[in-house]
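Comments concern the structure below.
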Amino acid sequence: MLGEHICLLNPGRGGNAGVEEEWVDERNASQRLGVAPEYVTDYLALIGDSSDNVPGARGIGPKTAIGLIEQFGHVEDILARAGEVTNKRARESLQSGEAEIRLSKELVTIIADMPIELDIEALRVHEPDREQLTKAFLELEFGSLVREYATPLPPTATAPAAAAPVSATYQALDQADALAEVIASARAQGWFALRTVGSTTSPISGELLGLALAVAPGRAWYLPLAHRRPGVLDLDGVQVRNLPPLTGPELQELRSLLEDAAVGKVGHDLKADLLRLRRAGVQLKGLDFDVMLGSYVVDPGGREHGLDALALQHLNQRTTTVEELCGKGRDAVPLAECAVDRVTACAAMHADMALQLRAHFLEELQQYELVKLFREIELPLVEVLAEMEWTGIAIDEPFFAAAGARLARDLQLIQEEIWKVAGERFNIGSTPQLRYILFEKLGLPALRKTKTGPSTDATVLEELAAQGHELPRLLMEWRQIDKLKGTYVDALPLLIDRRTRRIHTSFNQTVAATGRLSSSDPNLQNIPIRTAQGAEIRRGFVPRPGWLFLGADYSQIELRILAHFSGDEAFVTAFRSGHDIHRQTAAVIWGVEVADVTPRMRADAKTVNFATIYGQGPFALAQQLGIPQAEARAFIDQYFERFPGVRKYLDSQVEMARGCGYVETISGRRRYIPEINSRNYSIRQFGERAATNAPVQGSAADIIKLAMIRIHERLMAEQREARLLLQVHDELLFEVPPAELADLQSLVTELMVHAFPLAVPLEVTVGTGSSWYECK
DNA sequence: TCACTATGCTCG
DNA sequence: GTACGAGCATAGTGAA
């Protein structure tokens, strides 16, 4: 009944039905699932979607499914004898009829290969609307297997029935001797799990409210330090009422435990714990395991790394979320106002979950050979990022105020002009209103469409302007200024920390699927630079008085990585010669002497170089270069003809993704690419581009992370005052006292250049100045 | 009031 | 349909 291909959801790894599909043939499926070929159908039918992420999914997991098949044989027999199933959850699930014979992509596949008339293409969607699919299936006549057991799914998400942790095992630490006992066990074991509670989400702006500790599974303590409400828990008014954090004599032992690097610390998002403790004057040392990072390293893409999600997925535990504790939005109660016993239950539970998840991810990291990446890059980076966030960066407030006023004036003027040309007043920021003005009232040609109507984006306006219309140019100008004002000039001063007078971004370590960092609240990785007017904003980022900024960029790191991986002779030679790579590329592509490369040729070669990294096709390249598609195609062909090693390498990554399901960076970081075997052309294409780009982008991320770790180590070891403030993917920004500048410049360059040995040299350019603008 | 989507724009 | 990876602002919509 089965055809040649089957869709898997990375069995055994949990999974997300929307993303992690993987198409394999039947023999492969049998091997991958660890199920005899004749049982593959039953297996797939039985497990359906067991992922906890899937709305409505209640799981018979893969292991249980295999066990049931081995025990009973085929799926019909399992259902007939459901009462004999010993696993309680599986039995109830089977008996209730909502068993795991459900609509899943596996079933879509099975049905696809049944000898019936069915519009398969219409059903093969990546985020199946389950209700719609259910209806479609039930209305159609096909194999009894599906018709009999498919049932409509509940509209709302249901979590697995979790055994709620007994609250009695989570206790507040209200006695000095109890605290001493916990500390003693932690020391005896050599490690423990912790979870801090802060007054705000941001660990830097908020204060430490309390600390949860766990030493063994199923039992944890919470030490309240600065809660304003004792709640129903009677703590005899000792530790609860506004104690200065960790200053009491009985807390000195705890401090030394936290600061003892020899005692391992386990947690979820240790960077936040580190920062909250630091605000309380405690230097957390001995970071040993961060389950958020563990989850990220095991599978950086398309999965949740939040503690609640991880506990649900891997421990089958339903945790109390902070949202449940405090409410949300307008009605949210500050944590400091929440009853201590409730905070205790929540925080202690989180410490307990982190402790239990450690074992799970340790095993997975070992299984996938990711321990080194975890131990030598991601975990050490936590302290570096914490230090960066802690330090923050200063902005020149009067500068921003003046710029804001100026932009407001400009905006006003352009707005008046736009309204005059349009013949009426309207909200320029509203796409629908703008569409009406441009394409209906003024009758300009709609050049491109979005889902909801004609596009009005910058490329369209650019083209319309080129056709001689006045309004598009004004609109582009308005948009640019509006963006600068709204996203940067007005927004950044509001994020200055009241206490430090600096801006403290968050560097997120578990967001980007390639291994890159991201920055948020505010995002300091997308401060304008490409336009002259935008770049002015960087004048407002300043070092502390008397100090300087030092900026250090990797030159063309991604292209160098491409040269390294591909080993392409011409490419490697070009880099080793140490000259301008885009110029060299141009010379090779067009077969001319380097000296004869025109600026236009160089610019085009640069574009083609980037096009390669991103897997850009002729269509987009033509658009970008403003040339016919056929010409762009010729460029690309020429490029790969002259750099055959590059073509070969890119193909090899696609093959790797198809065969192994993932691709790897230079330090073994994986990215799973289930889209690569999708039957949908554009999804598959996307998978192929991701497969070729991820190793390049991800390796660059690995390398700069290593450099950051080593630089930070040196700064600390040599007790320098200079600090790393920002990372922008291939660039580091430092704040330096003048006396350290010369030294630091060579130190940073040295460590960045030699962070990871490649087949081609790495180059770093540095710049200094008294604003970010000047560091170029 | 809030969550959510769509659109558009900033960066490497 | 058509370039990888991110975060954020505004408008608009529908439900509580």
Side-chain angles (χ1 to χ4, degrees), chain A residues 300-301 327-332 426-435 448-461 475-476 478-488 490-492 495 505-508 511-531 533-535 537-538 553-559 562 607-608 610-624 629 632-633 636 650 663 671 673 680-698 700-701 704 726-731:
Chain A
K328 57 180 173 177
R330 204 170 40 110
D331 307 323
F426 68 103
N427 183 347
I428 304 169
S430 161
T431 307
Q433 291 182 43
L434 184 59
R435 274 183 195 138
R448 215 154 37 79
K449 281 181 188 169
T450 68
K451 276 187 236 184
T452 54
S455 168
T456 69
D457 71 15
T459 59
V460 168
L461 294 180
L475 289 168
M476 289 172 70
W478 185 89
R479 285 226 179 114
Q480 194 199 345
I481 295 171
D482 183 58
K483 179 76 176 178
L484 291 179
K485 186 170 183 292
T487 305
Y488 304 104
D490 290 350
L492 288 171
L495 291 161
T505 183
S506 292
F507 285 104
N508 313 304
V511 172
T514 53
R516 270 190 177 183
L517 298 176
S518 84
S519 157
S520 59
D521 310 298
N523 180 356
L524 293 183
Q525 292 181 322
N526 72 346
I527 302 301
I529 194 170
R530 290 177 189 170
T531 67
Q533 197 178 8
I537 297 211
R538 296 188 173 218
D553 295 35
Y554 278 114
S555 308
Q556 299 111 19
I557 188 170
E558 294 194 349
L559 283 177
L562 184 61
T607 305
V608 178
F610 283 108
T612 308
I613 292 176
Y614 300 141
Q616 193 176 36
F619 177 87
L621 182 63
Q623 283 228 315
Q624 189 169 342
Q629 198 170 329
R633 189 182 299 278
I636 294 171
L650 297 177
V663 289
R671 177 175 176 185
I673 306 188
N680 178 313
Y681 176 75
S682 58
I683 291 171
R684 194 168 61 245
Q685 288 282 301
F686 168 78
E688 290 177 6
R689 291 193 297 268
T692 52
N693 177 264
V696 175
Q697 188 182 116
I704 198 167
L726 301 179
Q727 186 252 43
V728 192
H729 310 306
D730 63 355
E731 165 193 356

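The sequence lines fix the lettering, A, B, ..., with proteins before strands; numbering per chain opens at 1. In this text, all values refer to a predicted model and were calculated from it rather than measured experimentally.
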Classify the side-chain pair Gln727(A)/Gln525(A) by whether it contains a donor and acceptor separated by less than 3.5 Å.
yes

Does Gln697(A) get its side chain close enough to the base of dC4(C), under 3.5 Å, for a donor-acceptor pair?
yes

Given the structure, check if the side chain of Arg689(A) and the base of dG5(C) hold any donor-acceptor pair shorter than 3.5 Å.
no

Side-chain N,O ([X]) to OP1/OP2 ([N]) below 4.0 Å:
| X | N | answer |
| --- | --- | --- |
| Arg479(A) | dC9(B) | yes |
| Arg530(A) | dC9(B) | no |
| Thr514(A) | dC4(C) | no |
| Gln433(A) | dG12(C) | yes |
| Ser455(A) | dG8(B) | yes |
| Ser430(A) | dT10(C) | no |
| Asn526(A) | dC8(C) | no |
| Thr487(A) | dC8(C) | no |
| Ser520(A) | dG7(C) | no |
| Lys483(A) | dT10(B) | no |

Distance-only, no hydrogens or angles: does the Thr505(A) side chain make a donor-acceptor pair with backbone N or O of Asp521(A) under 3.5 Å?
no

Side-chain donor/acceptor of Thr692(A) to backbone N/O of Arg689(A), under 3.5 Å
yes

Within the 4.5 Å heavy-atom criterion, are Arg435(A) and Thr456(A) side-chain neighbours or not?
yes

As a test of reading the structure: which of [options] is closest to the side chain of [X], going by heavy atoms?
| X | options | value |
| --- | --- | --- |
| Val728(A) | dG12(B), dA6(B), dT2(C) | dG12(B) |
| Arg671(A) | dC4(C), dT2(C), dG1(C) | dC4(C) |
| Ile529(A) | dG1(C), dC11(B), dG7(C) | dC11(B) |

Would you mind classifying the nucleic acid contact of [X] as base, sugar-phosphate or nothing, using non-hydrogen atoms under 4.0 angstrom?
| X | result |
| --- | --- |
| Ile613(A) | nothing |
| Ala458(A) | sugar-phosphate |
| Asp482(A) | nothing |

Return the value, rounded to whole Å, for the distance between atom [atom1] of [X] and atom [atom2] of [N].
| X | N | atom1 | atom2 | result |
| --- | --- | --- | --- | --- |
| Leu434(A) | dA6(B) | CG | C1' | 15 Å |
| Lys451(A) | dA11(C) | NZ | P | 21 Å |
| Arg435(A) | dA11(C) | CZ | P | 15 Å |
| Asp730(A) | dC11(B) | CG | P | 14 Å |
| Gln533(A) | dT10(B) | CD | P | 11 Å |

Interatomic spacing from CZ in Arg538(A) to CD1 in Ile527(A) - rounded to 0.5 Å:
7.0 Å

Looking at Gln480(A) and Gly534(A), what are the two nearest heavy atoms and their distance?
NE2-N, 4.1 Å

dT2(C) to dG8(B) separation - P atoms, rounded to the nearest Å
14 Å

Taking atom P in both dA3(C) and dT5(B), what distance in whole Å separates the two?
24 Å

